[in-house]
Amino acid sequence: MSDSTDLIRLLADEEKPREKALNQGIGALTDAELLAILLRVGIKGKSVLTVAREILRIHDNDLAKLARQTPRALAKMVPGIGPTKAITLIAALELGLRARGAMARSLEQKSLSGSEAIYHYMRARLELLAHEEFWVIILNNKLVPVACERVNQGGIATTMVDLRILFKKVIDHQASTIAVCHNHPSGRLTPSIQDDELTKRISEGAKTLDIRLLDHLIIAPTGFYSYHDQGRL
């Protein structure tokens with residue numbers, strides 16, 4: 001028996017995802033409606049909206065979790081959608097991430113004078129990673145980025161940072177100001193003891209080299225933590 005509660009053909013025109021997007025703008029659509037447009041059709045016994053909602057439910061209605069999936073894993077989680085639809089969904093999410101990255105790059109000639117600016121500059125690189133990475137942003141005297149380099153990457157919960165590598169990158173660019181960032185895949189924004197110790201070591205090393213440490217941000221899908229804003233630099 002088919003699920004007739006939300007079959008697309010039974011919906012009023014203003015409630016159909018494509019018609020709604022045309023009449024109200026793509027931003028008016030729910031996450032499920034956006035996924036339904038990408039899926040195009042449902043599977044036997046389930047409408048496309050039902051399938052879209054099931055995909056979201058499996059991922060706790062969290063698009064960040066969905067974006068981390070591989071097409072193969074997604075196809076196994078939702079029987080019936082197949083690898084083609086799974087690839088379409090993951091490709092669309094990846095395209096969104098790349099678009100955000102392009103917007104971040106458009107900020108490269110703008111001053112990163114505060115934690116919000118640094119966060120928006122780095123979030124596309126870090127917020128949805130399933131492992132930790134540590135990056136350094138090298139800034140000129142006007143706080144405009146001249147380089148942004150990954151220093152190291154680690155596992156799910158930690159990454160080791162070699163300060164010799166970090167400061168070599170900084171010195172190679174003859175930088176006078178830097179900001180550093182790393183991510184917490186767990187979503188936890190509270191710094192760990194290791195984060196605090198690393199920040200202290202970087203700060204002390206920067207002072208020795210007469211380099212200004214502008215901030216250290218921890219970035220997660222839930223937001224960010226700024227050592228500077230918390231008065232800890």
Side-chain angles (χ1 to χ4, degrees), residues 64 67 94-154 157-233:
E94 174 64 22
L95 189 62
L97 288 174
R98 294 187 186 188
R100 181 181 288 174
M103 288 187 283
R105 287 191 292 276
S106 72
L107 297 173
E108 289 184 355
Q109 297 306 311
K110 296 182 180 179
S111 172
L112 302 186
S113 57
S115 59
E116 284 279 351
I118 297 171
Y119 169 63
H120 288 297
Y121 181 75
M122 290 298 300
R123 65 182 296 192
R125 293 179 174 94
L126 292 172
E127 70 176 351
L128 294 181
L129 293 179
H131 61 274
E132 284 200 8
E133 291 189 355
F134 195 94
W135 288 67
V136 58
I137 308 169
I138 298 166
L139 306 152
N140 64 19
N141 291 333
K142 295 182 179 180
L143 302 184
V144 173
V146 297
C148 182
E149 299 192 24
R150 184 173 61 193
V151 177
N152 207 347
Q153 69 180 54
T158 185
T159 182
M160 301 298 293
V161 177
D162 189 329
L163 295 191
R164 293 170 298 181
I165 294 175
L166 188 156
F167 284 114
K168 182 180 184 304
K169 292 179 181 294
V170 175
I171 292 169
D172 285 347
H173 286 280
Q174 299 182 339
S176 60
T177 304
I178 61 171
V180 294
C181 302
H182 79 279
N183 62 309
H184 279 179
S186 65
R188 177 179 54 85
L189 289 176
T190 305
S192 66
I193 294 174
Q194 292 81 4
D195 292 335
D196 291 344
E197 291 175 348
L198 177 59
T199 304
K200 181 180 178 181
R201 290 169 57 212
I202 293 173
S203 178
E204 290 174 348
K207 288 177 182 177
T208 300
L209 296 171
D210 197 25
I211 294 169
R212 177 188 177 192
L213 176 59
L214 189 64
D215 207 340
H216 179 185
L217 260 63
I218 298 170
I219 295 176
T222 52
F224 71 96
Y225 177 95
S226 163
Y227 274 85
H228 177 272
D229 291 355
Q230 297 301 317
R232 302 185 65 190
L233 280 181

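Residues: numbered from 1 along the sequence shown.
Side chain of D215 to main chain of H228: a donor-acceptor pair is present (N/O by atom type, distance under 3.5 Å, no hydrogens or angles). No side-chain donor-acceptor contact under 3.5 Å links R212 to the backbone of L214.
Here NE2 of H131 is found 4.0 Å from CD of Q153. Values are rounded to the nearest 0.5 Å. Taking CG of N140 as the start and OG of S111 as the end, the distance is 8.5 Å to the nearest 0.5 Å. Taken from CG in L189 to NE2 in H184, the straight-line distance is 8.5 Å, to the nearest 0.5 Å. Between the CD1 atom of I118 and the CZ atom of R123 there is a distance of 14.5 Å, given to the nearest 0.5 Å. Between L139 atom CG and I211 atom CD1 the span is 11.5 Å, to the nearest 0.5 Å. Taking CG from L213 and OG from S203, the interatomic distance works out to 5.5 Å, rounded to the nearest 0.5 Å.
For Q230, the CD atom counts as densely surrounded, since its 6.0 Å shell holds more than 12 non-hydrogen atoms of other residues, nucleotides or ligands.
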**Study point:** S226 vs R232, side chain to side chain contact (heavy atoms under 4.5 Å, CB included): CA-CA, chis, key distance, verdict
**Key:** CA-CA 9 Å; S226 163; R232 302 185 65 190; over 6 Å; no
Exercise for review: Evaluate side chain to side chain contact (heavy atoms under 4.5 Å, CB included) for L163 paired with L198, printing each intermediate quantity in order.
Suggested key: CA-CA 9 Å; L163 295 191; L198 177 59; 4.0 Å; yes
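Salt-bridge formation is not detected for the pair E197/R201: no Lys NZ or Arg NE/NH1/NH2 atom is positioned less than 4.0 Å from an Asp or Glu carboxylate oxygen. One finds a salt bridge joining K168 and D172 here, because a Lys/Arg side-chain nitrogen approaches an Asp/Glu carboxylate oxygen to under 4.0 Å.
Side chain to side chain, H216 and H182 meet the donor-acceptor criterion of an N or O pair below 3.5 Å. No side-chain N or O of N141 forms a donor-acceptor pair with one of T177 less than 3.5 Å apart. Checking D229 against S115 by side-chain atom types alone, a donor-acceptor pair falls below 3.5 Å. A donor and an acceptor atom, one from each side chain of D195 and Y225, are nowhere located under 3.5 Å apart.
Contact of the P145 side chain with the I138 side chain is not registered, since no non-hydrogen atoms from C-beta on lie closer than 4.5 Å. Residues C181 and N183 have side chains not in contact (no heavy-atom distance under 4.5 Å, counting atoms from C-beta outward).
When all heavy atoms of I137 and C148 are compared, the pair lying nearest together is CG1-SG, 4.1 Å. Of all non-hydrogen atoms in G187 and T222, the two that sit nearest each other are O-OG1, 2.9 Å. Pairing each heavy atom of R188 with each of I218, the nearest pair is O-CG2, 4.4 Å.
Residue L217 forms a side chain to side chain contact (heavy atoms under 4.5 Å, CB included) with just one option from W135, Y227, F224, Y121, and that option is F224. For the side chain to side chain contact (heavy atoms under 4.5 Å, CB included) criterion with V136, the lone passing option out of I165, V161, V180 is V180.
The list of salt bridge (Lys or Arg N to Asp or Glu O under 4.0 Å) pairs with a residue in residues 137-150, not counting sequence neighbours, reads E133-R150, E149-K169.
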